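One structure below.
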Amino acid sequence: MTAKIAYDDVEVGTELPAQTFPVARATLVQYAGASGDFNPIHWNEKFAVEVGLPDVIAHGMFTMAEAIRVVTDWTGDPAAVVEYGVRFTKPVVVPNDDKGATIEVSAKVAAKLDDHKVRVDLTVTSDERKVLGMSRAVVRLA
């Protein structure tokens, strides 16, 4: 696959379509099974509270993966992402109710680089709190 977005068609400040991703307890259990990360802070409310958390929290790597979907959906090619990094700033708290939590992601092109690459900066929040800091991806465009 190749990115569907042309480098020449993108300017610094270009905003990617924002997305919101729902997170339920069942989602965390499925992710634990897929990733092998069965830490009880991600599925056991009693344990999470005992270790000082407000409730069960989403896996950091799950949160990071959901966020980059904004970029991969925009490019049309997950392989277009050549670098991606974040700082975990706050946990995504996932209550055991009908709503769960949401991860809100917006992004924009912050810099045009050499070799048809751009740097995309992401803003990732949950419950109006920034959950990922310094969230940046370098993407190779067509």
Side-chain angles (χ1 to χ4, degrees), residues 1-5 7 9-142:
M1 292 181 75
T2 309
K4 295 176 182 175
I5 304 295
Y7 179 83
D9 294 340
V10 174
E11 299 297 330
V12 170
T14 298
E15 293 187 14
L16 285 60
Q19 294 188 50
T20 299
F21 303 100
V23 186
R25 293 278 179 97
T27 310
L28 301 182
V29 172
Q30 292 167 334
Y31 182 82
S35 68
D37 182 352
F38 293 101
N39 187 324
I41 64 172
H42 303 303
W43 56 269
N44 184 317
E45 185 174 337
K46 181 178 181 290
F47 183 85
V49 171
E50 285 175 356
V51 299
L53 295 168
D55 207 331
V56 165
I57 63 170
H59 302 73
M61 295 302 285
F62 171 81
T63 304
M64 191 176 171
E66 289 290 79
I68 198 65
R69 288 175 56 190
V70 167
V71 177
T72 59
D73 288 354
W74 176 65
T75 64
D77 180 11
V81 177
V82 296
E83 292 178 35
Y84 179 43
V86 306
R87 288 195 180 147
F88 300 105
T89 56
K90 300 276 186 207
V92 174
V93 178
V94 183
N96 190 20
D97 59 18
D98 293 340
K99 294 187 292 185
T102 57
I103 299 169
E104 297 90 19
V105 184
S106 61
K108 67 179 175 179
V109 174
K112 290 187 85 167
L113 310 171
D114 294 334
D115 195 25
H116 285 238
K117 292 187 274 187
V118 297
R119 189 186 88 217
V120 177
D121 291 354
L122 296 90
T123 300
V124 184
T125 61
S126 181
D127 198 23
E128 299 181 11
R129 297 179 315 149
K130 193 171 193 179
V131 295
L132 297 179
M134 298 293 291
S135 186
R136 296 180 173 168
V138 174
V139 183
R140 181 171 286 113
L141 301 177

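By convention here, the first residue in the shown sequence is residue 1. Keep in mind the model is a prediction, meaning the values are calculated, not measured. As a basis for the values below, the full set of heavy atoms in this structure was taken, side chains included, without hydrogen atoms, waters or symmetry mates.
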Rounded to the nearest 0.5 Å, how far does [atom2] of [Y] lie from [atom1] of [X]?
X	Y	atom1	atom2	result
L132	L122	CG	CG	8.5 Å
M64	H59	CE	NE2	15.0 Å
R25	D55	CZ	CG	4.5 Å
L16	T75	CG	OG1	9.0 Å
H42	D37	NE2	CG	4.5 Å
R136	I68	CZ	CD1	13.0 Å

Any heavy-atom pair between the side chains of [Y] and [X] that's under 4.5 Å?
X	Y	value
D115	Y7	no
V109	E11	no
F88	M61	yes

Could you tell me whether the side chain of [X] and the main chain of [Y] form a donor-acceptor pair under 3.5 Å?
X	Y	value
R140	A79	no
S126	T102	yes
N39	I41	yes

Looking at [X] and [Y], what are the two nearest heavy atoms and their distance?
X	Y	answer
P54	V93	CG-CG2, 3.7 Å
V70	P17	CG1-O, 3.5 Å
A110	D121	CB-OD2, 3.3 Å
E104	D127	OE1-N, 4.1 Å
V92	A101	CG1-CB, 4.0 Å
A24	V94	C-CG1, 3.9 Å

Give a yes or no on whether K90 atom NZ has more than 12 heavy-atom contacts from other residues, nucleotides or ligands under 6.0 Å away.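 Counting other residues, nucleotides and ligands, NZ of K90 stays at 12 neighbours or fewer.
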Pick from V23, V131, I57: which one makes a side chain to side chain contact (heavy atoms under 4.5 Å, CB included) with T63?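 Of V23, V131, I57, side chain to side chain contact (heavy atoms under 4.5 Å, CB included) with T63 is met by V131 alone.
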Check the orientation of Y31 and F62. Use parallel for under 30°, tilted for 30 to 60°, and perpendicular for over 60°.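 The rings of Y31 and F62 stand perpendicular, inter-plane angle above 60°.
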Under the side-chain contact (heavy atoms from CB on, under 4.5 Å) test, residues paired with A111 that sit two or more places apart: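 Scan of A111 (side-chain contact (heavy atoms from CB on, under 4.5 Å), adjacent residues dropped) gives L113, R119.
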By ring pair (Phe, Tyr, Trp, His ring centres under 6.0 Å), which residues pair with Y84, not counting sequence neighbours?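 By the ring pair (Phe, Tyr, Trp, His ring centres under 6.0 Å) rule, Y84 matches no residue at all.
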D73 and Q19: side-chain donor and acceptor closer than 3.5 Å?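 Result is yes, a qualifying pair exists.
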I would like to know whether L141 and W74 meet side chain to side chain contact (heavy atoms under 4.5 Å, CB included); could you show each step before the answer? CA-CA 10 Å; L141 301 177; W74 176 65; 4.1 Å; yes
